[in-house]
Structures are given as structure tokens and as C-alpha cells.
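We name chains A, B, ... by the order of the sequence lines, and we start the count at 1 in each one. Quick caveat: nothing in here was measured; it's all calculated off a predicted structure.
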Amino acid sequence: MSMVRDRAPTRITAAATATFAVVGLGLIAALLLGAWPLIGEPRPLANLLGGLWDPLRGAYGLAPFFVGTVVVTATAMALTLPFSLAVAVVLSRPLPDGVRLGATRVLTVLTAVPSVIFGWWGLLAVVPWVRARFGGAGFSLLAAGLVLAIMVTPTLSLLFYQALRSVPRAFRDGSAALGATPDQTLVRMELPCALPLLIQAVLIAVARAVGETMAVQMVIGGQTVLPTGLTSPGATLTTQILTDMSIFPPGTRGHAVLDVMALVLMVGMYLLVRLAERWVAMP
Amino acid sequence: MTWLMGLIVALACLSSSGVLSVRSQHLTMVGATSALPYLRRAVAGWEAEHPGYTVSVSGGGSVAGLIEVSRGRADIGVSDVRPNQVLTGKVDLQSLALGRLPILFIAHLAVGVRNLSRAQLQRLLMGQSTNWKAVGGTHTPVIVMTRPLASGSLEIVQHEVLRGGRVTPRAIVALSNGAMLAAVQETPGALGFVESGNIPAKVAVLAVDGQVFHPHNAGQWPFYAVPRLYWRPQASASVKSLALYLATREYRPQYGIFDRVS
């Protein structure tokens, strides 16, 4: 009886891991099978990289969504990186314990806010601001980037803070003992030491930004042509899957295109994970 | 271990005595978002008359309604898109019409236009006229709002108003009827369309070819969708009962659903 009890944790964890692996592999297999009719066509890349999305007339160009995904993610990261790093640096400075604890708690709570809330807020505040400032409809890549930046900032701030905390205190003390100012210590010692973890944090934030759907959908406008600027409406891979998933039943060409879009996202995420691993493995 | 055995025996006894058995039956409805306000009220009435039954009502669009019901993932699909083999396979769905749901063309209050000819409306929706000044309005760029491809109202607009033409690909996509209304209310220069039997607030409801929509003359309004309730041939009696109940409530006009169509 006791042997059975002793082996239970190992068996339970092994079963859970095996189940997870089967589900993951099953998902990839389902996407590959669904996408295969399109991948197997002549010149699949030429068809998929076109700029025209008119699925009811057989045009499945994904370029507007690739551009939308890249621009929105880049905008969000450009806006959030300096802000998140600033928050993390402040938290890593000498602060009263209560202030630090309160601030980290607030950030932790903000990481748990559902994305639809950010989207709603974006609809009420960000879209009108973009409209008033730049004209047009307000629904735009810029609005999506702003909402994403605000969504990602709490997570990225906490990850940056953990990265800075990983630098041994003795290093900081040593730097101070050699006469370096706090800013010199930060720029020349702490940031370089924490660089692998900082880059890993950025890649995690990029993955979250690329994968976010609901909040982006609510403010981006859903336009399916190549955007002409940052203040133009647009769409990303994830928002277009959300918009059109109900019109293409399994087995149709349109459904195969959505499977291709999902596969592209998964491959992108995999590459980000590999990059993150590579940076952490740096000496 | 003894306590575990005791628990199993207790659960078995409770189950056989019927204490734990669940007698309620759950039905699901999926489809057109435009009919949701009416359906939610009517379903509550049907549930009150049929104790033990619960019904969940969700959106997803007309196309989703047809796909879900034909694949057996919903008991009733609500759709104003005509079924075709791509959507429903070889399932011969049965249906009942809820009635006529007017499709209104709405614009932001500041565009300075209240009446359009059908040709002007076509040019605006297709992106051929890009400023309200071209149709007698203020000097404001036109921002066309549309619905996703799965929307029944988009299909009807493209079929009935654009005569097979397409809404400009530069249109902004609103995922639901309510989102469309809110976007047009807030966006200067916006032009869109909603399924509604009442005159929506804070937007200009456009007359087309001199015909002005009013709930009292809803029968004469030329642009309308006909949302229908669809179910599979082998559906249970309770599903058919629910569909019949929903299709015959007298208060449908309060929700903008007029003149039942057979």
C-alpha cells in the first residue's frame, strides 16, 4: 500500500505531462492537417503573401495581417520598453518596504486584468484620443499599439524588476565602494549583468503582444487592406482569425487559410521561445 | 480507505434514490446578434412555462448559427443568411421565420445629410464617394463601417442595396449590431447600417429614395432581414416547441421584428 502511495506523485505528474504533450501535438497535427490543402497547392507562398483579402472571391493574401501584427507589436514594444524599465529601476532602488510591496502588488493585480477590460477602456479613451489628435476614425494600428503597451507594461515591469534583482547585491556594493554613482552602477554594471534576463523578458512581452486578440480587435478597426500609416485602421493575424472564424466551416479553403494563420503564429512563438532560451544560456 | 468506500456507497444510494439525478434539460441557441434582445426575453417566458428546461442564447453571427445547428453543436440556429451546402452540408434544416427586421442606414449626426438616393448610398458604401460634400453634406471624409463576412445584414446590404457589389475593403469592421451603432455615434463622418425596428438615438437615420423609416410604417421599409430559427429534422419536440413559441410572440414588434413572414 505504501509503495503505491509513494509512486502516486510520479505517476500523476507523468500522466499530466503525457496528457499535455498529447494535447499539444494533437493541436499542431490538427492545424497541419487543416492547412495542408493550401500548403499543398502550387505556389502557396505567392498566394498567401498577397495583399488582397477577399475570401469569398478566393483571394487569401495575408500581407495586411502580417504588416498589422508587426506594426502593432513594434509600436507597443517601443512605447512600453522605456516605461517598464523605468518602473523596474525605481522598484530596485532603495525604497521603504511598504512602498515597494504596494507597488509590486498593484502591478501584479494589473497583470491579471482581463484583456477585454483594456479593450473597453481603449474604445472609450484611446480611440477618441487618436481621433482628436490625428483625425480619421481613431480605430487604428496606433490605438491598438497604445492599448497593448498599457496591457503589457505591468508584466514587463515585474519581469524587468526580477531581472534587476537577480544581480548580486555584492556587485552593487562593490561598484559603490569603487566610487561609482547609482546611475553609473545601473548603466555599467546592473543592466549588462541582467541583460540575458532583460532580453528574455522582452521576448515574453513580444509573445504576449503578438498573441493578444480581444483588446486589439476592439480598437484596431478590422480593415483588411494594407495600412497606409500608423493612424490607419488595420488587422492582425489574431484579430482576423477572430473576425472570420465563424464563416469558414472545417474543410473549406477559407478554414485552411485560418489554420495557416494559426500555424504561422505558433511557429513565430516557437522562434521567440528559442531566442529567449538562447539569450538566457548566454554566459 | 474506509471513509472512501463509505463515500462511494453513500453517493450510490443517493443516486439510486433520485436525490442527485438532474431532471433539467438544456437547450442551446446560437446565431444572429440582431435578434438577441428579443430572444432573451422570449426564452425567459418559455422557460417559465416549461419547468426543468434551461436555454442558453448566444451570438456569433448568422453564419455561425447555421454551421452550429447543422453540425449538432446547437439545438437552434438563428440566421438571416440563406442556408447553402457549404454551410450546412447535406443537413436539410427546418425553419420558422421570426419576422422582418428592418435594416437602417445610419450616419454620424454631423454629416449634414438625412436623405440619399440608392445610387448615392451605393457609391458611399462602395468607397466611390469619399466625402459627404459629394452628396450634399458637410466637408467631412466618409468613414464606412461594416460588419464581418459572417453577418447576415452585410449579405443583405450587398445583395439588395449594392446589387452584388462589395462594401469598400477600407471599411471599419464592427463585430456586432451594438458595436456598429456605438462606432457610428462616436465617429465623425461615419456611415453604417444596423438591424433595428426602432429609431436609434444619437445617429442620423437616413431616408433612402425619399422613403423615411418609422416604426409605424416598418412594413413599407424596403430594406429588411428575415431572421429565421433553424433546427435539425431529428430535433426533439421541446426544440420545436421552443421555436414555435419564439416565432409567435406578440411583443416581437417591441424589439423591431415586424410582420411575420411565412
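Within 6.0 Å of the OH atom in A/Y270, the count of heavy atoms belonging to other residues, nucleotides or ligands does not exceed 12. B/H139 NE2: 12 or fewer foreign heavy atoms inside a 6.0 Å radius. Applying the 6.0 Å contact sphere to CG of B/D92 captures no more than 12 heavy atoms from other residues, nucleotides or ligands. Remark: B/R82 CZ is loosely packed, at most 12 non-hydrogen atoms of other residues, nucleotides or ligands lying under 6.0 Å away.
A heavy-atom distance below 4.5 Å is not found between the side chains of A/V127 and B/T187. No side-chain heavy atom of B/P169 sits under 4.5 Å from any side-chain heavy atom of A/D54. Put simply, the side chain of A/F248 does not reach to within 4.5 Å of the side chain of B/V63, judged on heavy atoms.
Only the side chain of A/T228 has a heavy atom closer than 4.5 Å to any heavy atom of chain B. For B/L149, the parts lying near chain A are the backbone and the side chain together; criterion is any non-hydrogen pair under 4.5 Å. The parts of B/L87 that come within reach of chain A are both its backbone and its side chain, each placing non-hydrogen atoms under 4.5 angstrom from that chain. If you measure heavy-atom distances from A/T252 to chain B, the contacts under 4.5 Å come from the side chain alone. Only the side chain of A/L242 has a heavy atom closer than 4.5 Å to any heavy atom of chain B. Looking at A/L226, the atoms closer than 4.5 Å to chain B (heavy atoms on both sides) all sit in the backbone: N, CA, C or O.
With rounding to the nearest 0.5 Å, the separation of CD in B/E186 from CZ in A/F139 is 8.5 Å. Interatomic distance, CD of A/Q223 versus OG1 of B/T146, reported as 11.5 Å (0.5 Å rounding).
Of the listed residues (A/A235, A/P233, A/G234, A/A137), the one with the most heavy-atom contacts under 4.5 Å to chain B is A/A137. Chain A forms the most heavy-atom pairs under 4.5 Å with one residue out of B/P141, B/A171, B/G61, B/A190, and that residue is B/A171.
Pairing each heavy atom of B/I143 with each of A/G136, the nearest pair is CD1-C, 3.8 Å. Across all non-hydrogen atoms, the minimal contact from A/Q217 to B/V173 is NE2-O, 4.5 Å.
The backbone N or O of A/T224 lies less than 3.5 Å from no partner atom in the side chain of B/R170, so there is not a single donor-acceptor pair.
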